[in-house]
Amino acid sequence: MTHPPAATLPLSHLLPPGAALTREGHLALGGCDALALAREFGTPLYVYDRRGLREQCAAYRQAFAAEYSDSTVLYASKAFLNRPFARFIHEQGLGFDVVSGGEIEVLRAAGVPLEQVYFHGNNKSAEELALAVEAGVGRVVIDNLGEVALLHAAASAAGKRQRVLLRVSPGVDAHTHEKTTTGILDTKFGVPIATGAAEAALRAILDAPALEFRGLHMHLGSPIFELEPYALGIEALARFIAEVCRDRLGVAVAECSPGGGFAVAYLEAQQPPSPAEYARVICGTLRREAERLGFPLPHLSVEPGRSIVGRAGVALYTVGARKEVAGVRTYVAVDGGMADNIRPAMYGARYEALSAERPLAAAEETVTIAGKYCESGDLLVRDARLPRLRAGEVLAIPAAGAYQLAMASNYNLAYKPAVVLVENGAARLIRRRERPADLMSLDVD
Ligand SMILES: *Cc1c(COP(=O)(O)O)cnc(C)c1O
């Protein structure tokens with residue numbers, strides 16, 4: 001049904017690798033006509049290209065394995081997770097990074113091994129820590145001094161010794177949005193190296209017999225389009241390994257992680273670094289600093305989330321109302337919006353859009369794609385150049401795979417969208433659209 005991926009498909013570097021044109025000139029995803037998917041599963045619809053997911057998982061595994069043999073890639077679950085998706089990611093050879101008891105429960109129910117799971121978070125509860133210890137989560141990444149005592153208590157009560165990393169904040173600005181920068185001094189995440197808090201937390205870990213210190217972690221924010229913040233962060237981490245861990249405390253650092261935050265392109269003009277480029281800088285800097293400062297190379301783990309799932313996902317909407325404010329702006333509304341994608345309202349995130357029915361049609365006007373929810377700020381794409389869209393036409397927004405459904409809400413009692421995985425002309429439903437009964441399933445009358 002589909003032609004091979006055409007160079008003429010617009011926005012092809014934002015769309016998944018399995019995107020193409022059908023014979024009729026429609027957008028095809030994984031060999032499925034996007035219009036047929038919209039008809040069968042309803043809109044808004046989230047479509048993930050299996051090939052795109054597989055290729056990104058492989059690209060990260062291979063890029064890091066090539067530069068640094070002792071390394072693992074963990075998928076940051078908060079970008080998007082459910083049970084079938086977890087199994088699929090596990091089959092690609094990735095571990096997981098989680099940030100809540102809920103994510104641990106989903107992974108456990110999915111049957112993936114929890115030894116390859118790293119548990120993050122700046123305020124893990126005693127219950128979550130007890131769950132992590134009991135379930136056998138591989139590493140707990142301690143975020144603050146208070147957590148040392150909480151986790152020690154949980155591990156002692158379970159009669160286990162829990163392996164831990166310590167998350168430090170290296171004082172590096174990753175030049176991303178203020179709501180998503182996490183490696184600077186003034187952030188809620190991690191213990192700062194600069195103030196001595198990191199050393200104090202490490203001493204507390206070493207004094208806790210139910211905790212086994214394995215190494216250090218940092219995460220600078222997201223999305224990070226530059227390579228330099230990773231180099232600066234690893235240099236700070238390396239100084240801490242040599243000067244504090246080794247020289248002052250006499251403790252070996254067996255593992256370290258620069259976190260995730262690798263960028264994807266949302267806009268036509270964006271060109272984020274490739275997995276290989278991130279790997280070269282991260283591994284190269286770590287190797288160079290280890291040699292210069294004379295400490296053994298630690299095991300390296302990285303935690304891509306957005307860059308695994310972002311480009312593989314496409315959101316499909318149906319066009320509805322049109323409002324023209326003469327001389328000011330034309331709004332074209334779709335049947336989704338901030339309930340399935342809060343990123344534009346939350347971060348001013350920007351996207352491109354294209355007609356799934358006529359992706360090759362020339363742009364005729366500049367419009368703002370509005371959502372359907374009761375907020376003026378519920379706008380998905382400002383100033384999009386598009387053909388004149390008709391009511392009922394299917395609109396596709398590329399690079400929709402990360403932090404959209406994961407942040408989805410039932411605002412206005414919206415039904416959360418269905419999710420399908422597509423490949424070779426077949427679509428597999430991995431999450432059905434919510435129904436009225438789902439909205440009321442928790443009510444207690
Ligand atoms: C969110 C997060 C990640 C993943 O970030 P991406 O931008 O999705 O790659 C990795 N590590 C930690 C600790 C995080 O909080």
Side-chain angles (χ1 to χ4, degrees), residues 53 56-57 59-61 63-64 71-81 85 89 94-100 102-104 116-124 128 132 137-144 147 164-170 172 174-177 179-184 187-191 215-227 229-230 233-234 237 255-266 270 272-275 277-279 282 300-313 343 346-347 349 399-407:
L53 293 168
Q56 271 316 85
C57 290
Y60 273 93
R61 272 197 293 101
F64 280 89
S71 60
T72 47
V73 179
L74 308 168
Y75 168 62
S77 308
K78 70 180 189 283
F80 173 64
L81 189 73
F85 199 79
I89 293 287
L94 272 56
F96 295 87
D97 135 359
V98 297
V99 293
S100 72
E103 290 178 351
I104 294 172
Q116 283 287 18
V117 173
Y118 287 48
F119 183 22
H120 294 273
N122 71 306
N123 187 27
K124 306 175 193 78
E128 287 175 314
V137 161
R139 304 284 182 277
V140 173
V141 185
I142 292 181
D143 202 88
N144 55 68
E147 191 182 332
V164 302
L165 303 184
L166 176 64
R167 176 166 175 175
V168 299
S169 76
V172 171
H175 305 128
T176 181
H177 193 280
K179 287 181 185 164
T180 58
T181 191
T182 57
I184 56 175
T187 168
K188 70 172 183 172
F189 294 107
V191 280
L216 300 171
H217 179 278
M218 68 174 190
H219 174 67
L220 300 173
S222 181
I224 303 173
F225 281 86
E226 300 164 31
L227 297 169
Y230 289 101
I234 288 171
L237 219 53
E255 300 178 23
C256 88
S257 174
F262 312 120
V264 298
Y266 289 97
Q270 287 173 332
S274 65
E277 288 172 302
Y278 284 116
I282 288 168
L300 175 72
S301 58
V302 291
E303 303 167 336
R306 183 191 313 274
S307 52
I308 297 289
V309 293
R311 183 181 167 193
R343 298 187 63 256
M346 176 125 158
Y347 312 124
Y403 302 107
Q404 294 190 194
L405 281 181
M407 290 189 176

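For the single chain, residues carry numbers from 1 onward in sequence order. Counting convention: from 1, in listed order, for ligands and their atoms alike. All values below come from the heavy atoms of this structure, side chains included, with hydrogens, waters and symmetry mates left out. No experiment lies behind these values; they were computed from the predicted model shown.
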Residue contacts for ligand 1, heavy atom to ligand atom, distance under 4.0 Å: Ala76, Lys78, Asp97, His120, Arg167, His217, His219, Ser222, Gly260, Gly261, Phe262, Glu303, Pro304, Gly305, Arg306, Tyr403
Parallel, tilted or perpendicular, as decided by the 30° and 60° cut-offs, for the rings of Phe64 and Phe262: tilted
Stepwise salt bridge (Lys or Arg N to Asp or Glu O under 4.0 Å) test for Lys78 and Glu103: CA-CA 8 Å; Lys78 70 180 189 283; Glu103 290 178 351; over 6 Å; no
Side chain proximity check, Ile234 to Met218, heavy atoms < 4.5 angstrom: yes
His120/His219 aromatic ring centres below 6.0 Å: no
Donor-acceptor under 3.5 Å (Gln404 side chain, Gly401 main chain): no
Partner residues of Arg139 under the salt bridge (charged side-chain N to carboxylate O under 4.0 Å, His left out) criterion, sequence neighbours left out: Glu115, Glu255
